[in-house]
Amino acid sequence: MCGRYASSRQPDDLIEEFEVVVDRTPAPLAADYNVAPTKEVYAVVERPPSKDSPEPPERQLRVFTWGLVPSWAKDPSIGNRMINARMETVAEKPAFKKAFAVRRCLLPADGYFEWYPTSQTRALGKPVKQPYFIRPADGGVLAMAGLYEIWRDQSLPDDDPHRFRWTCTVLTTQAEDSLGHIHDRMPLMVERDRWGDWLDPRVGGELSLLVPAAPGSLEAYPVSPLVSNVRNNGPELVEPLPLEDALS
């Protein structure tokens with residue numbers, strides 16, 4: 001799964017990287033080295049310029065809440081359990097199949113965290129886990145495949161600017177061989193030459209869109225256990241931990 005990642009790039013960087021046409025972010029988000037579910041995150045989408053516009057979709061940068069709330073949900077708290085969608089079943093699951101058809105997005109990240117169970121154990125016998133940071137080996141942006149939904153809060157009046165909640169989820173796939181020893185799942189990455197088809201809502205939810213990126217483009221290294229507490233946040237969380245300090 002993907003339950004924590006880092007996102008430090010600012011809107012101008014993302015607009016250039018993803019060739020965004022319109023910036024729809026209300027204000028820049030602070031650099032976040034410990035992005036957790038329910039936090040606000042950047043997302044790249046393609047949408048019509050305005051409601052019912054006949055013009056082709058334009059590429060936009062927006063801010064979503066991580067944790068997808070389906071449009072039919074009665075309670076938005078369901079989003080707390082919808083942070084990931086499995087690639088293998090996304091076209092079938094009621095919570096995701098509609099979004100997969102027309103509401104796909106890219107979630108930019110510096111990299112993501114996973115926890116490896118070591119041979120050390122705690123008092124109750126549970127293994128002590130060593131966090132790893134996994135990022136593009138070339139230092140570039142990680143474009144994670146995502147889906148989004150727009151949930152209408154019926155308790156708010158039509159003129160309330162907060163009546164619509166934009167939420168998202170990260171697609172996951174089986175981890176490539178070089179990362180499988182850390183965790184058996186990883187975010188589904190979308191390679192640059194596939195961004196257009198992935199984002200275009202005119203391209204239906206075809207299974208051919210679900211293509212894992214070529215293996216070998218990521219690197220993983222141990223980082224400080226401080227990342228395990230979501231209240232900790234800073235660039236030190238993604239600094240490599242000396243091997244002699246890493247748990248085995």
In Å, rounded to the nearest 0.5 Å, how long is the span from CD1 of Ile78 to OG1 of Thr167? 10.0 Å
Does atom CD of Gln174 have more than 12 heavy-atom neighbours, drawn from other residues, nucleotides or ligands, at distances under 6.0 Å? no
Considering residues, nucleotides and ligands other than Glu236, do more than 12 of their heavy atoms fall under 6.0 Å from its CD? yes
When you measure from the side chain of Glu114 to the backbone N and O of Arg4, does any donor-acceptor pair fall under 3.5 Å? no
Is the closest side-chain heavy-atom distance between Asp200 and Val203 below 4.5 Å? yes
Heavy-atom closest pair, residues Asn84 and Cys2: OD1-N, 2.8 Å
Are Arg163 and Arg152 close enough that some pair of their side-chain heavy atoms sits under 4.5 Å apart? yes
Side chain to side chain contact (heavy atoms under 4.5 Å, CB included) evaluation trace for Val227 with Tyr33: CA-CA 9 Å; Val227 71; Tyr33 296 91; over 6 Å; no
Check for me, please, whether Val21 and Leu61 land in the same ILVMFWY cluster - side-chain distances under 4.5 Å, paths through other members count. no
With side chain to side chain contact (heavy atoms under 4.5 Å, CB included) as the test, would you mind laying out the steps for Phe100 and Leu210 before giving the verdict? CA-CA 10 Å; Phe100 176 57; Leu210 300 170; 3.8 Å; yes
Same cluster or not: are Ile15 and Leu199 linked, directly or through other Ile, Leu, Val, Met, Phe, Trp or Tyr residues, by side-chain heavy atoms under 4.5 angstrom apart? yes
Would you please name every residue forming a side chain to side chain donor-acceptor pair (under 3.5 Å) with Asp12, sequence neighbours left out? none
Is Val63 close to Pro26 at the side-chain level, that is, under 4.5 Å between some pair of heavy atoms? yes
Measuring from atom OG of Ser7 to atom CG of Leu107, what distance do you get when rounded to the nearest 0.5 angstrom? 9.5 Å
Exactly one candidate in Trp151, Trp166, Phe164 meets ring-ring contact (aromatic ring centres under 6.0 Å, His included) with Phe64; the answer is Trp166
Could you tell me if the side chain of Leu218 sits less than 4.5 Å from the side chain of Leu179, heavy atoms only? yes
Interatomic distance, Leu106 atom CG to Cys168 atom SG [nearest 0.5 angstrom]: 11.5 Å
Expected output: side-chain Tyr112 to main-chain Leu142 donor-acceptor under 3.5 Å: no
Are Trp66 and Met82 connected, step by step, through hydrophobic side chains (Ile, Leu, Val, Met, Phe, Trp, Tyr) whose heavy atoms are closer than 4.5 Å? no
Nearest-0.5 Å distance that lies between atom CD1 in Ile182 and atom CG in Asp184: 12.0 Å
Show the nearest heavy-atom pair for residues Ala31 and Asn233, with the distance to one decimal. O-OD1, 4.2 Å
Path from Tyr5 to Leu147 over hydrophobic side-chain contacts below 4.5 Å: no
Have a look at Glu46 and tell me which of Arg59, Arg104, Arg24 forms a salt bridge (charged side-chain N to carboxylate O under 4.0 Å, His left out) with it. Arg59
Quick one: closest heavy-atom pair of Trp115 and Pro131, and the distance? NE1-CB, 3.5 Å
Between Pro117 and Lys129, what is the shortest heavy-atom contact and its length? CA-CG, 4.0 Å
Just how far is it from atom OH of Tyr116 to atom OH of Tyr132, taken to the nearest 0.5 Å? 7.0 Å
Can you give me the closest heavy-atom contact between Asn232 and Leu237, atom names plus distance? O-CD1, 3.4 Å
Kindly write out the residues that satisfy ring pair (Phe, Tyr, Trp, His ring centres under 6.0 Å) with Trp195, not counting sequence neighbours, or none if the list is empty. Phe18
Nearest 0.5 Å, please: how far is CZ in Arg165 from CG in Leu68? 12.0 Å
Say whether Arg185 and Thr172, considering side chains only, have a donor N or O and an acceptor N or O under 3.5 Å apart. yes
Derivation of the side chain to side chain contact (heavy atoms under 4.5 Å, CB included) call for Phe133 and Glu219: CA-CA 8 Å; Phe133 188 57; Glu219 64 178 6; over 6 Å; no
Can you find a pair of side-chain heavy atoms, one from Cys105 and one from Arg62, that are under 4.5 Å apart? no
If you draw a 6.0 Å radius around NZ in Lys39, do more than 12 non-hydrogen atoms from other residues or ligands fall strictly inside? yes
Between Thr118 and Gln130, is there a donor-acceptor pair closer than 3.5 Å when you use the side chain of the first and the backbone of the second? no
Is the backbone N or O of Pro37 less than 3.5 Å from a side-chain atom of Asn80, with the two atoms forming a donor-acceptor pair by type? no
Less than 4.5 Å apart, any side-chain heavy atom of Val45 and any of Tyr148? yes
State, with a plain yes or no, whether a side-chain heavy atom of Arg103 is found less than 4.5 Å away from one of Lys98. yes
Does a donor on one side chain sit under 3.5 Å from an acceptor on the other, for Ser8 and Asp110? yes
Mind listing the closest non-hydrogen atom pair of Pro48 and Gln60 along with its distance? O-NE2, 3.9 Å
Test of understanding: clusters of I, L, V, M, F, W, Y form through side-chain heavy atoms closer than 4.5 Å, transitively. Do Met144 and Leu14 belong to the same one? no
Can you list, pair by pair, the side-chain donor-acceptor contacts under 3.5 Å of residues 186-194, counting residues two or more places apart and other chains?
residue	atom	partner	partner atom	Å
Glu191	OE2	Ala214	N	3.1
Arg192	NH1	Glu17	O	3.3
Arg192	NH2	Glu17	OE2	2.4
Arg194	NH2	Ser208	O	2.8

